[in-house]
**Q** 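Take a look at the following structure, please.
Within every chain, numbering begins at 1; the chains are lettered A, B, ... in the order of the sequence lines, protein sequences first and strands thereafter.
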Amino acid sequence: MKTYKEFLENKGEAKWQKYWEKKKLFKTPEEVTKTNKYYILPQLPYPSGSGLHVGHAEVYSACDIYARYQRMKGKKVLQAIGWDSFGLPAENYAIKNNVHPKISTDKAIDNFREQIKSLGISVDWDKEVGAHNSDYYKWTQWFFLLFYKRGLVYRKKQAVNWCKSCKTVLANDQVTSEGYCERCDTQIIQKDMEQWYIKVTEYADRLLEGLDKIDWPEETKKRQRDWIGRSEGASVEFKILNSEFKIEVFTTRPDTLFGATYIVLAPEGQYVQDLKDRIQNWDEVKKYIEATSKKTELARQIDKEKIGVELKGVKAINPANNEEIPIYIADFVLASYGTGAVFADAHDERDFEFAKKYNIPLLVTIKPDDENEWKKVQNLEVCYEGDGVHFNSGFLDGLRINEAKTKIIKWLEEKNIGKGKVQYKLRDWSVSRQRFWGAPIPMLQNEEGEMKPVPEEDLPILLPEDVDFKPTGESPLNYSKEFQERAEKKYGKGWKYEPDTLDTFMCSSWYFFRYLDPKNDSAFASPEALKKWMPVDFYLGGPEHVNGHLLYSRFFTKVLFDAGYIDFDEPFKVHRHQGLILGPDNRKMSKRWGNTINPTDVVNQYGADTMRMYEMFIGPLEDDKPWNENGVKGVRRFLDKVWKLQEKVGDEKKEDERIEKLTHKVIKKASEDLETLGFNTAIAEMMKIVNEMNKEESLQLATYSLLLRLLTPFAPHMAEELWSILGHKDSICIQSWPEYDENLVKDDELTIVVQINGKLRGDMTVSADISEDDAKKQALEIENVVKWLEGKEPKKVIYVKGKLVSIVV
RNA sequence: GCUCGGGUGGUGGAAUGGUAGACACGAGGGACUUAAAAUCCCUUGGUAGCAAUACUGUGCGGGUUCGAGUCCCGCCCCGAGCACCA
C-alpha cells in the first residue's frame, strides 16, 4: 500500500486537479431551474503582487466545501472567480518598479490562479473575468452611462478627501475613522475639487427597505442602516433681521422651535459667505474659518470642546415667537449634513453645552415627568433630551413630543416657512479618481467646458498605452497625447475625454452579473442568464465591505431593476462574513510582525486537503482565529488515519452494527452542520467516527465508502484517490451526499441521568422506549440516589424523555 | 459617547434551559527504537481520596426555574463599528 505521504509527494493532488479540469467536472450546468440552481459567490479578490494569503484560502475553501456539498445534494452549482484588477496598489507598484501595471497585474493574476487551483477549488474557469480587461470595463463604463441617462450622475465642486501620498480623491468609506488613507495610512486632507458624483442618496429609502427581505447577518444590516442614517424631521426658515435673506435649518426636533435661542452655522458653509458684508467682526470670523479648514477631520473629532464665534451685527428671527436671536459659527456644525445650519435650544446636549460656554440664554420648553429631573432641568443644571410636556411653546403647550412635532410641521407648512423633511447621513458617491489604472470615465468635454457622454456604441474607451503614470496630483490621462487626439479625431476639434478614471468600486459592484455571461459583447449579461442564475444564493465576503462594496452592489442592482433589465432588486439572497485568520501570536498577520503564513507553503508541506480542512477546523467561519502550526499537524494526522483505514476494509461481510450506527449519526450531524456552515463541528464529527473505526479490527466497505463521501467536500483529493483505490472508475465528486437511515440513528438503549435538587447523583442505562413511570421508578432505585434521599419522600419527580429524571426533595 | 459582538481548561474551541469542556492542540506517563522522529496506548478543569465518591467550577453580583454557560436585572473587562449627523 502506498502511504498518504507518498501520494502527496507524487503530486497526487495535482493529478486529481488535472482530472477535474479535463473532465470539465465543475463546468456550470446549462439546464437549471429556479429551484435547483445554486449560485455561490466567493468575494472578488484583488490580485496583489504578494500572492494569495490565508484569508483568501479561507474564503475559497469555505465556498468550495459548500459548493461541493450542494452539488452532491443535487444542486446545479455556479461558482466562479475573477479579479478586482484595477486600482492603486498595481499603479503604485508600477511607479516604483517602472513596469506597466497591465504587465504586473496579469502576472499577479496568473500566480493567483495557480495558487487557487492548487487548493483544489471547484470553480468554472470559463467564467473568469478581470476588471482591467477592456471587454469587462466596457461594461463598467456602460453602467456609468446608464446612471447618467437615468439622471443619477452629476458634477460638483466639493471638499473631498484627498490623500497626498496616493495623490487622489477617496470616498468616505476609503478613509479610516481616524482620518487616514485606508491604503497607505497617510492623513487625509480636505480639498475642493470638481468631481463626478453618483446619486446613491436617491436610493436611500430603497436601500433601507431592501434590507428587510434579505438573509444577511443582523449586525451587517444594522451597520448599513446606520450608514444610511435616515432621520425624520423638518426644515425651517429663519429670516435675517432687516434683510430679505433667509437661513434654512434642518431639525429632528421641530417641536422645540419656541425654545430656539440662537443659530449656529457651519464655518465652511455657504451661509457665512453670504452674510459676509453684514458681519461686523469679519476679521475674527475669517480667522476662525481659516483655523477650522486647517484642522484635520481627526482634530475636529478629538477636540470635543465646542468653540465658535458670534456673527456680530447679524440677527435671525425665530419664526415661532418672532424673537431676535444671535447667530454663531462653530465647527460642531457640519457643512456637509443637512443645510449646514442648525437652530439651538435647551434640549440638545451640544447646544446646551455651547450656550453655557458663551452665556447664551436658554429657554426650557419641555417638562420631564420625573419631578427631581424637572427641578434640575428648570435650573439649567442638566440638559433634558427625553419626552415630556411642552410649555413656553405657544400653541404647542401641553402636548408631548410626537403630537407637538406633527402640529408644528403642519403649522410651518401652512405658513410656508418650513416643511417635514427626511435627512440622510449617506452621501452621494464620488467616483472620480485622478489616477491611471482604472476605467476611463466615458464623458467628453470641449474647450468651453461643455460636457457630453460618450455614445454607448463607442465603448469601450480604451486606456491609452503611452502614459507616464507618475503621480502629479493631476490625472495621468491628461498627459497621453494619443488619448486626447483619439477624442478629437472622433468627436471634432476641442473635444477631449474626461481624464479621470472610475473608482474601482464601480468595477466590483457588478462582477457577479458578468460571471453569468462573461464573453457577451452586446450586453453586460444576457437576460436569459440573468433570469436563470440571479440572485446570488450564497455570498461570502469580509465585513470590511459592508458600507462600500455591498451597498454599491445593491444600488447597481436596484438601478438595473428600475431600468427593466432584471426582475429582482437585491443581488445577494444570503450573505455571510468570514473572520480574520490571525498570526500564531494572535495579532493580525502582517509583514511588520513577521507572523504571516503563506498558504502555498502549507499546501506544499501538508497538502491542499490539510490546508482546506485546517482553516475550517480552527473555529467558526465568522470568527477571528489564530493560526496554529500544531493544529495543522493535527488535521494532517486525521487524514493519515483516514488513509490507513483502507487496510481494514475487508471483503467478508462482517456485521459491524456499532460503527454503522455511529456513521449514520455522523451523517446526520455533519449534514445539519453543513447547512449552517458549521464546518468546524462537522469535521469534529468525522474525527470522532474515524477514531472509532480505528478501534475496530475490520471495516465494512459500505461504511468506509460513506465516510469517503462525507469527506469529499472537505478533502476532495484524498477522497478521489481512495475512491479509485476501492476500484471505482468514476469521480467521487459526482456521487450523491449520503442520507442517514432514521432507524440506525435511533438508539436502542440510552443513558438517563438522575438529578436530586438539580445536582447529578447517578445515571442508568435503559431501553429507549422506557415509559415515564418505569424511568422514574428505576431512578429511585439507584444506589447513590437512595443514599442521598435518606429515606425521604420526593416532593416531585420530573422526567425529560430520553434525557433525565429530576427528583426534588 | 452611542451601537453591536464576546468573556467557558494550559491553548483553539463544543454544548435545541437538561451529564459543562465534544473535537483538536499542548502537557504528563508508557510502548516501539541503540537513539531520535514518526506511530500507538493511557491520563489530563481544580481540590481531597487508592477508589467509589464528594466539594468546586463557564468575568462579577443578584433573580427566575426541579434544573442556568444558555433566560431576566445590575455591574466589570475585551473586541468591532459609528462618531459633534442637529
**Q** Which distance, rounded to the nearest 0.5 Å, do you find between the OG1 of A/T610 and the CZ of A/F638?
**A** 10.0 Å

**Q** In whole Å, measure the gap between the P atoms of B/A54 and B/A20 for me.
**A** 12 Å

**Q** Give me the distance, rounded to whole Å, that separates B/G79 from B/C73 when you measure between the C1' atoms they each carry.
**A** 24 Å

**Q** Side-chain N or O of A/W788 versus OP1/OP2 of B/A54: is the shortest distance under 4.0 Å?
**A**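 Yes, such a contact exists.
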
**Q** Considering heavy-atom distances to RNA chain B, does A/N694 or A/I798 have its closest nucleotide positioned more toward the 5' end?
**A**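 Residue closer to the 5' terminus by nearest nucleotide: A/N694.
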
**Q** Between A/K222 (NZ) and B/U3 (P), how many Å, whole number?
**A**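 So the NZ-P distance, A/K222 to B/U3, works out to 8 Å.
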
**Q** I want to verify the glycosidic state of B/G9; is it syn or anti under the 90° rule?
**A**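 It is syn.
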
**Q** Can you tell me whether the side chain of A/Q755 and the base of B/G18 have a donor-acceptor pair closer than 3.5 Å?
**A**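 For A/Q755, whose side chain was compared with the base of B/G18, there is a donor-acceptor pair (under 3.5 Å).
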
**Q** B/U8 and B/C71: how far apart are their P atoms, nearest whole angstrom?
**A**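 My reading of the P atoms in B/U8 and B/C71 gives 16 Å.
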
**Q** Pick base, sugar-phosphate or nothing for A/N784, based on heavy-atom distances below 4.0 Å to the nucleic acid.
**A**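 Sugar-phosphate contact only.
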
**Q** Rounded at 0.5 Å granularity, tell me how far CD in A/E353 sits from CG in A/D348.
**A** 10.0 Å

**Q** Consider side-chain contact (heavy atoms from CB on, under 4.5 Å). Of A/I689, A/L645, A/V642, which one does A/N694 pass it with?
**A** A/L645

**Q** Which of these passes ring-ring contact (aromatic ring centres under 6.0 Å, His included) with A/Y328: A/F354, A/Y288, A/Y271, A/F343?
**A**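 Exactly one candidate clears the test, A/F354.
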
**Q** When rounded to the nearest Å, what value does the distance between C1' atoms of B/C82 and B/U11 take?
**A** 33 Å

**Q** In whole Å, what separates the P atom of B/G21 from that of B/G45?
**A** 9 Å

**Q** Looking for any heavy atom pair under 4.0 Å, which part of the strands does A/K803 touch: base, sugar-phosphate only, or nothing?
**A** base

**Q** Applying a 4.0 Å non-hydrogen cut-off, can you work out what A/V808 is touching in the nucleic acid: base, sugar-phosphate, or nothing?
**A** sugar-phosphate

**Q** Between B/A27 and B/A80, how far apart are the P atoms? Round to whole Å, please.
**A** 31 Å

**Q** How about A/F505 and A/W429: are their ring centres within less than 6.0 Å of each other?
**A**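 A/F505 vs A/W429: aromatic centres not under 6.0 Å.
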
**Q** Assign A/S806 to base, sugar-phosphate, or nothing according to its heavy-atom contacts below 4.0 angstrom with the strands shown.
**A** base

**Q** Taking only N and O in the side chain of A/S231, is any of them less than 4.0 Å away from OP1 or OP2 of B/A86?
**A**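 Looking at the OP1 and OP2 atoms of B/A86, one of them is under 4.0 Å from a side-chain N or O of A/S231.
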
**Q** Between A/I618 and A/R761, name the one whose nearest nucleotide on RNA chain B is closer to the 5' end.
**A** A/I618

**Q** Among side-chain atoms of A/N628 and A/Y614, is any donor-acceptor pair under 3.5 angstrom?
**A** no

**Q** When we call it a touch if two heavy atoms are under 4.0 Å apart, what does A/R230 touch: a base, just sugar-phosphate, or nothing?
**A** nothing

**Q** Students often mix this up, so state it plainly: with edges at 30° and 60°, are the rings of A/F679 and A/F714 parallel, tilted or perpendicular?
**A**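 Aromatic pair A/F679/A/F714 classed perpendicular.
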
**Q** Judged by modelled atom types alone, do A/T220 and A/H575 share a side-chain donor-acceptor pair under 3.5 Å?
**A** no

**Q** Between the protein and nucleotides 22-30 of chain B, which nitrogen or oxygen pairs come in under 3.5 angstrom?
**A**
unit_1: B/A22; atom_1: O2'; unit_2: A/K688; atom_2: NZ; d: 3.1
unit_1: B/A24; atom_1: OP1; unit_2: A/N691; atom_2: ND2; d: 2.8
unit_1: B/C25; atom_1: OP1; unit_2: A/R637; atom_2: NE; d: 3.0
unit_1: B/C25; atom_1: OP1; unit_2: A/R637; atom_2: NH2; d: 2.8

**Q** Does A/K625 place a side-chain N or O at less than 4.0 Å from the phosphate oxygens OP1/OP2 of B/G12?
**A** no

**Q** Which part of the nucleic acid does A/P543 contact within heavy-atom distance under 4.0 Å: base, sugar-phosphate only, or nothing?
**A** nothing

**Q** Categorize A/L804 for me: base, sugar-phosphate, or nothing, with a 4.0 angstrom heavy-atom threshold over every strand shown.
**A**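 Contact class for A/L804: base.
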
**Q** When only distance counts, do a donor and an acceptor, one from the side chain of A/K306 and one from the base of B/C84, lie under 3.5 Å apart?
**A** yes

**Q** Just to be sure I understand the rule, does A/K759 reach a base, reach only the sugar-phosphate, or reach nothing, if contact means heavy atoms closer than 4.0 Å?
**A** sugar-phosphate

**Q** Using the P atom in both, what is the distance from B/G6 to B/U16, to the nearest Å?
**A** 14 Å

